[in-house]
2 protein chains.
Amino acid sequence: MVPKQKARRQKAPAPRADGELRAGILPTLIGYRLRLAQQAIFRDFAEHVPWLSPGRAGMLILVEANPGVTQSRLARAMSLDRSTMVGLVDVLEERGLLERRRGEDRRTNSLWLTRGGRQLLARVKRRIAEHEARVGSRLAAPERAQLMSLLDKLR
Amino acid sequence: MVPKQKARRQKAPAPRADGELRAGILPTLIGYRLRLAQQAIFRDFAEHVPWLSPGRAGMLILVEANPGVTQSRLARAMSLDRSTMVGLVDVLEERGLLERRRGEDRRTNSLWLTRGGRQLLARVKRRIAEHEARVGSRLAAPERAQLMSLLDKLR
DNA sequence: TATTGTTATACTCTATAACTATA
DNA sequence: TATAGTTATAGAGTATAACAATA
C-alpha cells in the first residue's frame, strides 16, 4: 500500500515581493504565450483600426480578393457555420460595405463590395499596413520570417 | 486635378483550380497567422482536456499557485474585470472545484481549491502535459525555445 | 474617499436544429 | 436527396454602471 499523504490544511505562501501572482506552469505553455501575444496584437489593431474588428476586416479582404464568392464558401474559408455568416453579412450590408446579389445557382447569394466598402477597405488596409509595421518592428526581419514559419508548423 | 478612375463593374475572376479562396493580404499578417496557430492549439486542448476550457484551467492553476488569492487580484492577473470574475468563481464553486472564504480584510473573498479541485487539477495537468508534448512535437526543441522568445517580444 | 464584491444589463462571437427554396 | 440561406435559440466570454459593505 502506498503511504497515504498526510492531510494538511492549505496555507497561503509568503506573498511575492513585487505583488504579482505566481504563474504556475502557465508560462511554460505554448498556447498561453500565444494567447498573450495575440491579445497584445489585437489591442493594437483595435486602437489603430477603429472601424472594424480583425474578423470583419478579414472578411472584407476575402470578399475583395474573391468578388462574387457565395456565403457558404466564405463561411468555410473562415471556419464558420453558415448561420453565423448570415449575421455577419447582415451587419456589413447594413453598414453599406457589401451587398448580396442573387447567384446564378439561385440558392446562393454572391457577395460584392460596394463602392463604400471598397473605399473603407482601402483606408483599413493602409491602417493595417501601419499596424503590421508597428507590431513587426518589435522583431528583426529574419526573426519575423522565422516566427511566421514556426507558427505555420503549429497548424 | 487627379485623373478620375474609370468606373468599372466588378467582375468575378477565374475561380482557383483547387477550389480554395484567394486569401488576399491575410497570410502576410502576423496577427492572422497567430490566430490560426492558436485555433489549432485550442482545438487540441478542447479535444484532450474535456473538463475545462483553457481559461478556466488557467484560473485553477493560478489559484493553486496562489492559495487564498482574492478575487480582485486574480482578476487583475487575468486581465479581467472584477464583475467578470464573480461569474467565473460562481461556476467553479458550484462545480465544487474551489471555495470562497471570507478574507481578513472583510471586503475580500479569498479563493482556495477544494479537495475535488486539487484532484481534478492534477488530472488536468497531466492531460495538459500530454497536450503540450503533442503540440510541441511539431517543433524541434530549439525551435520551440525560439518561438517562445519571439512571442515574448510581441508583448 | 477608495476598494471589494455583487447585480443588472448588454454586446460579441459562435453553434445547433429546424425551416424554405432550389438543385 | 442534398445544398444554400435563414431563423430561433442558446451558450461562452466579456464589459460598464450602480450599489452595499468595509476600509
Side-chain angles (χ1 to χ4, degrees), chain A residues 19 21 31-32 35-36 38-39 42-43 45-47 49-60 63 66 68-95 98-112, chain B residues 19 21 31-32 35-36 38-39 42-43 45-47 49-60 63 66 68-95 98-112:
Chain A
L21 294 194
Y32 177 73
R35 185 159 63 89
L36 292 184
Q38 198 178 12
Q39 280 176 344
F42 272 38
R43 205 159 38 238
F45 189 102
E47 195 174 323
V49 192
W51 308 285
L52 292 167
S53 68
R56 289 175 183 181
M59 174 163 158
L60 290 190
V63 174
N66 302 274
V69 64
T70 66
Q71 291 186 196
S72 278
R73 288 233 305 152
L74 187 56
R76 272 193 299 275
M78 296 175 68
S79 303
L80 296 176
D81 189 86
R82 269 160 33 240
S83 66
T84 301
M85 183 53 65
V86 173
L88 225 37
V89 173
D90 283 349
V91 166
L92 296 178
E93 190 168 42
E94 280 156 20
R95 285 183 57 180
L98 56 75
E99 58 177 354
R100 294 169 158 105
R101 293 189 200 148
R102 167 63 73 97
E104 192 182 351
D105 174 342
R106 299 209 322 287
R107 292 172 300 186
T108 65
N109 290 334
S110 64
L111 302 178
W112 307 80
Chain B
L21 295 194
Y32 177 74
R35 186 160 63 91
L36 292 184
Q38 198 178 11
Q39 281 176 344
F42 272 38
R43 205 160 37 240
F45 189 102
E47 195 175 323
V49 192
W51 308 285
L52 292 168
S53 67
R56 289 174 183 181
M59 174 163 159
L60 290 189
V63 174
N66 302 275
V69 66
T70 66
Q71 291 186 195
S72 278
R73 288 233 305 152
L74 188 55
R76 273 193 298 274
M78 296 175 68
S79 304
L80 296 176
D81 189 86
R82 271 164 27 244
S83 66
T84 302
M85 184 53 65
V86 173
L88 226 36
V89 173
D90 283 348
V91 166
L92 296 178
E93 190 168 43
E94 280 157 22
R95 285 184 58 181
L98 57 75
E99 58 178 353
R100 293 169 158 106
R101 294 189 201 150
R102 165 65 72 97
E104 191 181 350
D105 175 341
R106 296 205 327 286
R107 292 171 301 186
T108 65
N109 289 334
S110 65
L111 301 178
W112 307 80

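Model, not experiment: these values are computed from the prediction. Residue numbering restarts at 1 for every chain, and letters A, B, ... go by the order of the sequence lines.
N109(A) comes within 4.0 angstrom of the backbone, heavy atoms only, and of no base. Residue S79(A) is classed as a sugar-phosphate contact, given heavy-atom separations below 4.0 Å to backbone atoms only.
Closest to the S53(B) side chain, of the nucleotides dG5(D), dA15(D), dG13(D), is dG13(D).
Distance CZ (R73(A)) to C1' (dT3(D)): 15 Å, rounded to an integer number of Å. Following rounding to the nearest Å, D81(B) (CG) and dA17(D) (P) show an atom-to-atom distance of 10 Å. Counting to the nearest Å, the P atom of dA12(D) and the CG atom of L52(B) are 13 Å from each other.
Judged as a side-chain contact (heavy atoms from CB on, under 4.5 Å), and not counting sequence neighbours, the contacts of R102(A) are R106(A). L60(B) pairs by the side-chain contact (heavy atoms from CB on, under 4.5 Å) definition with L52(B), L92(B), L97(B), L98(B), L113(B), L121(B), not counting sequence neighbours. Residues that satisfy the side chain to side chain donor-acceptor pair (under 3.5 Å) test with T108(A), not counting sequence neighbours, are absent from this structure. Residues passing the ring-ring contact (aromatic ring centres under 6.0 Å, His included) test with F45(A) are H131(A), sequence neighbours excluded. Listed by chain and residue number, L80(B), D81(B) satisfy the side-chain contact (heavy atoms from CB on, under 4.5 Å) test with T84(B) (two or more places apart in sequence, or in another chain).
The closest side-chain heavy-atom distance from Y32(B) to R35(B) is below 4.5 Å.
Of all nucleotides in DNA chain C, those with any atom nearer than 4.0 Å to a heavy atom of chain B start and finish, going 5' to 3', at dA2(C) to dT7(C).
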Seminar exercise, completed: Its contact letters, B for base, S for sugar-phosphate only and - for none at protein heavy atoms under 4.0 Å, make nucleotides 18-23 of chain D read ----BS
Exercise. Going through the checks in order, is the side chain to side chain contact (heavy atoms under 4.5 Å, CB included) test met by V89(A) and M59(A)?
Worked result: CA-CA 9 Å; V89(A) 173; M59(A) 174 163 158; 3.7 Å; yes
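R56(B) places no side-chain N or O within 3.5 Å of a backbone atom of W51(B) that could act as its donor or acceptor partner. Not a single donor-acceptor pair under 3.5 Å links the side chain of S110(A) to the backbone N or O of G103(A).
Atom CZ of R43(B) is separated from atom OG of S79(A) by 7.0 Å, given to the nearest 0.5 angstrom. Between atom CZ of residue R73(B) and atom CE of residue M85(B) there is a gap of 12.0 Å, rounded to the nearest 0.5 Å. T70(A) contributes atom OG1, which lies 7.5 Å from atom CG of L111(A) (distance to the nearest 0.5 angstrom).
Comparing the axis of the opening five pairs of the helix from dT1(C)-dA23(D) to dA23(C)-dT1(D) with that of the closing five pairs yields an angle of 0°, rounded to 10°.
When each of Q39(A) and S72(A) is assigned the nucleotide of DNA chain D bearing its nearest heavy atom, the one mapping closer to the 5' terminus is S72(A).
Residue pairs meeting the salt bridge (Lys or Arg N to Asp or Glu O under 4.0 Å) criterion with at least one member in residues 82-93 of chain B, sequence neighbours excluded: D90(B)-R100(B), E93(B)-R100(B).
Within the structure, every side-chain polar atom (N or O) of T108(A) is placed at least 4.0 Å from both OP1 and OP2 of dA4(D). Proximity of R35(A) to the phosphate of dG13(D): no side-chain N or O atom is located under 4.0 Å from OP1 or OP2.
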Check the interface with nucleotides 8-11 of chain D: list each N/O to N/O pair with the protein under 3.5 Å, or write none.
none

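The stretch residues 87-95 of chain B does not touch DNA chain D, since none of its heavy atoms comes less than 4.0 Å from the strand.
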